[in-house]
Amino acid sequence: MGSPRWSRLCLVLLAALTSSLLLYGHYYAAVEAPGGQRLLASLLRPEPLLLAPVGAPSRPASRAWRQDGALEREKSLKSAPELLKPKRAKGQPSACSRSVVAQVEADPKFGQLFRFDVPVLMWDEHLSEGTWERLRARHVPYGWQGLSPAAVGGALRLLNTSSNRHLFDRAAFAGGCVRCAVVGNGGILNGSRQGRGIDAHDLVFRLNGAVIKGFEEDVGTKTSFYGFTVNTMKNSLIAYEEYGFTKVPQAKDLRYIFIPSDMRDYVMLKSAIEGSPVPEGLDKGDEPQKYFGPEASAKKFKLLHPDFLHYVTTRFLRSEIMDTQYSHLYMPSTGALMLLTALHTCDQVDAYGFITDNYEEFSDHYYEPEKKPLMFYANHDMMLEAELWKSLHQAGIMKLYQR
């Protein structure tokens with residue numbers, strides 16, 4: 001017989017081995033679940049918008065969007081402490097019935113997820129040593145890891161007007177209830193005749209390849225905000241030129257929402273405000289005026305806060321991709337970020353042209369003359385987004401156009 005010490009050691013080793021096997025089994029089951037397989041085949045090509053399509057995946061029951069598990073998933077990402085504890089929303093104007101905030105507060109699950117105190121936009125006052133030290137620990141778009149302090153600081157210092165601090169001036173809207181329409185580019189809008197209803201909103205968000213000419217009856221003509229990353233904007237101008245998207249929307253009262261997904265966005269933003277050619281990077285020599293107009297002063301631009309992008313991703317759209325070695329490729333789609341921006345700023349939100357249960361019945365985009373299947377890209381999780389929109393619609397927090 002062995003010594004008592006040796007017996008105890010054997011028991012400890014046996015317990016450790018058993019725990020390891022159980023943990024491995026749990027991890028393997030999570031990684032190999034059907035919902036996690038659908039995007040991995042194309043993850044090795046990191047160029048957004050140009051990734052090879054994965055194909056139209058089925059929606060397994062295990063992928064149903066569950067708000068009750070989102071907080072636990074968020075904690076696993078080692079989130080910034082200030083984003084972990086949910087706070088109740090601030091009240092909206094009483095004149096606005098069934099506002100986003102009121103509906104969120106009435107919903108037991110979404111009431112725990114929404115944080116209306118997280119800053120949506122970033123401006124010059126956020127430029128501090130403490131902010132830099134905190135955000136440089138996260139990769140873009142959720143932080144500033146690997147970015148040049150001079151480039152980031154140069155852009156933020158120019159966002160120094162009151163209009164950079166708020167998405168819109170609430171006082172400018174009579175009645176105290178700001179109604180917003182967020183218009184995606186989904187084929188469901190072709191033949192929808194929703195244009196008049198869209199234009200009836202106080203504010204209209206559009207994004208990427210927002211073709212209007214020839215489709216006014218379906219998508220309207222009004223544009224208050226155009227949202228993009230420099231990459232998606234430029235790729236849209238190339239990919240959708242044949243459908244009529246030959247230039248970025250321009251108008252006196254139109255505002256541009258930059259999504260800081262890369263150094264390119266900070267550099268382009270700075271040059272756009274200064275009215276000078278881009279001095280460095282992939283867009284060196286490019287002239288922002290051709291995109292945003294010759295009189296694009298600082299008040300024309302909004303910059304989404306990396307903390308906001310981190311918050312909406314970890315709480316609402318935390319894809320299984322983020323648990324793999326390819327997590328750095330993932331971010332919510334431009335449409336998702338614009339819709340979530342509206343949901344955190346507007347009183348009422350209607351979404352048009354977003355993915356629905358019957359997406360296979362429609363073309364990828366509303367402006368395509370021949371039906372094309374919806375494309376799924378490895379850097380987004382469109383089915384997870386679809387589940388979120390459906391859940392928000394069912395909770396009465398927003399209205400999702402369906403047909």
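The structure presented is a predicted model; accordingly, all values stated were derived computationally and were not measured.
Judged by distance alone, with hydrogens and angles left aside, the side-chain atoms of Ser224 form no donor-acceptor pair with the main-chain N or O of Phe205 at under 3.5 Å. A donor-acceptor distance shorter than 3.5 angstrom exists from the side chain of Arg403 to the backbone of Ile188, with no hydrogens or angles considered. Asp107 contributes no side-chain N or O that, together with a main-chain N or O of Gln103, makes up a donor-acceptor pair within less than 3.5 Å. When atom types are taken as modelled, the side chain of His166 and the backbone of Ser162 share no donor-acceptor pair closer than 3.5 angstrom. Remark: side-chain polar atoms of Lys222 are paired, donor with acceptor, to backbone N or O of His201 under 3.5 angstrom. Remark: the backbone N or O of Asn208 is not paired with any side-chain donor or acceptor of Ser236 at under 3.5 angstrom. At least one donor-acceptor pair under 3.5 Å links the side chain of Asp381 to the backbone N or O of Leu384.
The line from OG1 of Thr221 to CG of Asp199 is 4.0 Å long, rounded to the nearest 0.5 Å. Between Ile257 atom CD1 and Arg255 atom CZ the span is 11.0 Å, to the nearest 0.5 Å. In this structure, the separation between CZ on Arg315 and CZ on Phe110 is 12.5 Å, given to the nearest 0.5 Å. Note: Met122 CE to Lys302 NZ = 15.5 Å, rounded to the nearest 0.5 Å. Interatomic distance, CG of Leu303 versus CG of Leu156, reported as 6.5 Å (0.5 Å rounding). Considering CD1 of Ile355 and CD of Glu387, their distance stands at 9.5 Å, rounded to 0.5 Å.
Looking only at side-chain heavy atoms (C-beta outward), Glu385 and Pro332 come within less than 4.5 Å of each other. Trp144 has its side chain within reach of Val152: a pair of non-hydrogen atoms, C-beta onward, lies under 4.5 Å apart. Counting only heavy atoms from C-beta outward, the side chains of Leu343 and Met398 approach each other to under 4.5 Å. Considering only heavy atoms from C-beta on, Phe316 comes within 4.5 Å of Phe114 through its side chain. Proximity of Arg206 to Pro249: side-chain heavy atoms (C-beta onward) are nowhere separated by under 4.5 Å. Side chains of Val120 and Tyr311 form no contact here, defined as non-hydrogen atoms less than 4.5 Å apart. Looking only at side-chain heavy atoms (C-beta outward), Val278 and Met268 come within less than 4.5 Å of each other. In this structure the side chain of Phe308 never reaches within 4.5 angstrom of the side chain of Pro119, judged on heavy atoms.
For the residue pair Thr229 and Asn231, no side-chain donor N or O sits within less than 3.5 Å of a side-chain acceptor on the partner. For the 3.5 Å distance criterion, the side chains of Thr232 and Asn235 fail to qualify, holding no donor opposite an acceptor. For the residue pair Ser363 and Asn190, no side-chain donor N or O sits within less than 3.5 Å of a side-chain acceptor on the partner.
Classification of Arg196 and Glu217 as a salt-bridged pair fails, no side-chain N sitting under 4.0 Å from a carboxylate O. Using a cut-off of 4.0 Å between Lys/Arg side-chain N and Asp/Glu carboxylate O, Lys390 and Asp357 are scored as salt-bridged. A salt bridge links Arg115 to Asp117: at least one charged side-chain nitrogen sits closer than 4.0 Å to a carboxylate oxygen. Comment: Asp347 does not engage Arg179 in a salt bridge, judged by the lack of any side-chain N to carboxylate O separation of less than 4.0 angstrom. Ion pairing of Lys371 with Asp364 is absent here, as no side-chain N (NZ or NE/NH1/NH2) approaches a carboxylate O to less than 4.0 Å.
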Verdict with supporting geometry, Tyr256 and Phe258, ring pair (Phe, Tyr, Trp, His ring centres under 6.0 Å): CA-CA 6 Å; Tyr256 299 102; Phe258 271 81; 7.9 Å; no

So Ile273 and Leu159, side chain to side chain contact (heavy atoms under 4.5 Å, CB included) or not? Walk me through it. CA-CA 9 Å; Ile273 296 174; Leu159 297 175; 3.8 Å; yes

Could you go through Phe173 and Leu203, starting from their C-alpha distance and side-chain angles, then the distance that decides it, and tell me whether this counts as side chain to side chain contact (heavy atoms under 4.5 Å, CB included)? CA-CA 10 Å; Phe173 298 91; Leu203 298 168; 3.7 Å; yes

Determine, step by step, whether Phe292 and Phe301 satisfy the ring pair (Phe, Tyr, Trp, His ring centres under 6.0 Å) criterion, reporting the C-alpha distance in whole Å, the side-chain angles of both residues, the deciding distance to 0.1 Å, and the verdict. CA-CA 10 Å; Phe292 314 117; Phe301 300 100; 5.4 Å; yes

Could you go through the side chain to side chain contact (heavy atoms under 4.5 Å, CB included) check for Ser261 and Val140 one step at a time? CA-CA 6 Å; Ser261 69; Val140 289; 5.9 Å; no

Evaluation steps, ring pair (Phe, Tyr, Trp, His ring centres under 6.0 Å), between His380 and Tyr330: CA-CA 6 Å; His380 302 316; Tyr330 174 76; 7.3 Å; no

Using the side chain to side chain contact (heavy atoms under 4.5 Å, CB included) rule, take Asp307 and Tyr142 through it: C-alpha gap first, then chi angles, then the decisive distance, then the call. CA-CA 6 Å; Asp307 277 344; Tyr142 315 112; over 6 Å; no

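Between Cys346 and Val349, the closest heavy-atom pair is CB-CG2, 3.9 Å. Closest heavy-atom contact between Gly285 and Pro277: O-CB, 4.2 Å. Here the closest non-hydrogen pair linking Ala298 and Asn164 is O-ND2, 2.9 Å.
Open room surrounds CZ on Arg98; 12 or fewer heavy atoms of other groups in view lie less than 6.0 Å from it. More than 12 heavy atoms of other shown residues, nucleotides or ligands fall within 6.0 angstrom of atom CD in Gln289. Counting heavy atoms of neighbouring residues, nucleotides and ligands inside a 6.0 Å radius, atom CD of Gln394 exceeds 12 of them.
Judged as a side chain to side chain donor-acceptor pair (under 3.5 Å), and not counting sequence neighbours, the contacts of Gln402 are His393. In this structure Asp262 satisfies the side chain to side chain contact (heavy atoms under 4.5 Å, CB included) test together with Arg264, Asp265, sequence neighbours excluded.
Applying ring pair (Phe, Tyr, Trp, His ring centres under 6.0 Å) to Phe215 and the options Tyr243, Tyr352, Tyr366 leaves one that passes, Tyr366.
Between Phe225 and Phe168, the distance from one ring center to the other does not fall under 6.0 angstrom.
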